Amino acid sequence: MRPNRVALVIVVGLVVALGFVAADWIRAGLSARDQPSTLEVFLARRVRSFAIPASARSAANPVALTPDVLAAARAHFADHCASCHANDGSGQTEIGQNLYPKAPDMRLPATQNLTDGELFYIIHNGIRLTGMPAWGSADPRADEDSWKLVYFIRHLPALTPEEIAEMGSLNPKSPSELEEEREDQKFLNESTAEPPRTGHEGMKMPAAEGPKQD
Ligand code: HEC
């Protein structure tokens with residue numbers, strides 16, 4: 001066989017093999033429950049890193065870090081991000097763990113080793129073909145909130161139980177959860193407004209019924 005024929009056979013063989021792999025993958029149901037393979041995670045992260053321009057990667061945080069900035073970012077995260085990422089950044093939520101790919105544990109080196117610029121770029125632009133949405137206004141220069149969130153992501157490994165508890169009160173609530181809270185509050189208000197019962201009040205003795213006098 002001539003060398004170009006050999007090359008053709010190899011290419012056709014590879015295409016057929018890839019077709020079988022893809023068919024197997026699709027027949028598995030394209031379920032979001034699966035864990036991406038190590039190879040897929042590696043390739044996806046390489047492509048993402050390649051797609052972030054060098055100038056964005058090396059950008060420095062233009063917002064000064066103060067306790068108020070960190071507190072605002074913590075509240076923002078509880079409201080907008082915790083549904084997938086959890087208040088502690090572990091990604092252990094019903095939505096976060098049932099996406100494909102899963103929301104990662106952002107306290108770990110894979111996230112913490114990203115540069116500030118990369119974190120900002122990811123928050124501002126989102127990640128295509130994943131559950132990670134784009135946030136903030138379209139103009140990155142006006143998106144201070146995402147830069148503040150970068151500080152909060154850096155703070156995740158040192159988050160205190162008090163901070164996590166406070167975030168719990170800021171997480172978005174469904175209408176039924178709000179209704180339940182209102183009921184609890186009503187019950188508490190009523191039980192503090194009334195004087196303590198001794199056990200006899202409120203029990204009306206039936207009036208003695210004498211003979212009717214007409
Ligand atoms: C609807 C679910 C969802 C919401 C809400 C969400 N994320 Fe994500 N996020 C994801 C998923 C899924 C990934 C993983 C994507 C991947 O593996 O490529 C991710 C990845 C990230 C990453 C990259 C971490 C890494 O190591 O690759 C950062 C940073 C991030 N999110 C920050 C945020 C912030 C900040 C918010 C809120 C403003 C937020 N996310 C809201 C689902 C979400």
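Remember, it's a predicted structure, so these values are computed and weren't measured experimentally. Throughout, residue positions are numbered sequentially from 1 according to the sequence presented.
Not a single donor-acceptor pair under 3.5 Å links the side chain of Arg48 to the backbone N or O of Leu43. The backbone N or O of Ala134 lies less than 3.5 Å from no partner atom in the side chain of Asn125, so there is not a single donor-acceptor pair. At distances below 3.5 Å, at least one donor-acceptor pair connects side-chain atoms of Thr93 with backbone N or O atoms of Cys84. In terms of modelled atom types and a separation under 3.5 Å, the side chain of Arg154 and the main chain of Gln112 share a donor-acceptor contact. Checked by atom type and distance alone, the side chain of Ser58 pairs as donor or acceptor with a backbone atom of Ala54 at under 3.5 Å. For the pair Lys102 (side chain) and Ile95 (backbone), a donor-acceptor distance under 3.5 Å is absent. The main-chain N or O of Glu94 is found under 3.5 Å from a side-chain atom of Asn98 such that the two form a donor-acceptor pair. No donor-acceptor pair closer than 3.5 Å links the side chain of Glu190 to the backbone N or O of Phe187. With hydrogens and angles ignored, the 3.5 Å screen pairs a side-chain donor or acceptor of Arg45 with a backbone N or O of Ala110. No side-chain donor-acceptor contact under 3.5 Å links Ser146 to the backbone of Phe120.
Rounded to the nearest 0.5 angstrom, Glu180 CD and Lys173 NZ are separated by 11.0 Å.
Between the side chains of Asn171 and Asp79, not a single donor N or O lies within less than 3.5 Å of an accepting N or O. Using modelled atom types and a 3.5 Å distance limit, the side chains of Ser176 and Glu179 yield no donor-acceptor pair.
Nearest heavy atom pair, residue Lys148 against residue Val69, reads CG-CG1, 3.7 Å.
The pair Arg74-Glu166 counts as a salt bridge, with a side-chain nitrogen and a carboxylate oxygen less than 4.0 angstrom apart.
The environment of Leu30 atom CG is dense: over 12 non-hydrogen atoms of other residues, nucleotides or ligands sit within 6.0 angstrom.
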Hey, mind stepping through Asp88 and Ser90 against side-chain hydrogen bond (donor to acceptor under 3.5 Å, both in side chains) and telling me if it holds? CA-CA 6 Å; Asp88 61 1; Ser90 63; 2.8 Å; yes
Where do Asp116 and Tyr151 land on the side-chain contact (heavy atoms from CB on, under 4.5 Å) test, with the steps shown first? CA-CA 8 Å; Asp116 285 357; Tyr151 282 130; 5.5 Å; no
Applying ring-ring contact (aromatic ring centres under 6.0 Å, His included), run through His80 and Trp135 and close with a yes or a no. CA-CA 9 Å; His80 286 76; Trp135 299 92; 5.5 Å; yes
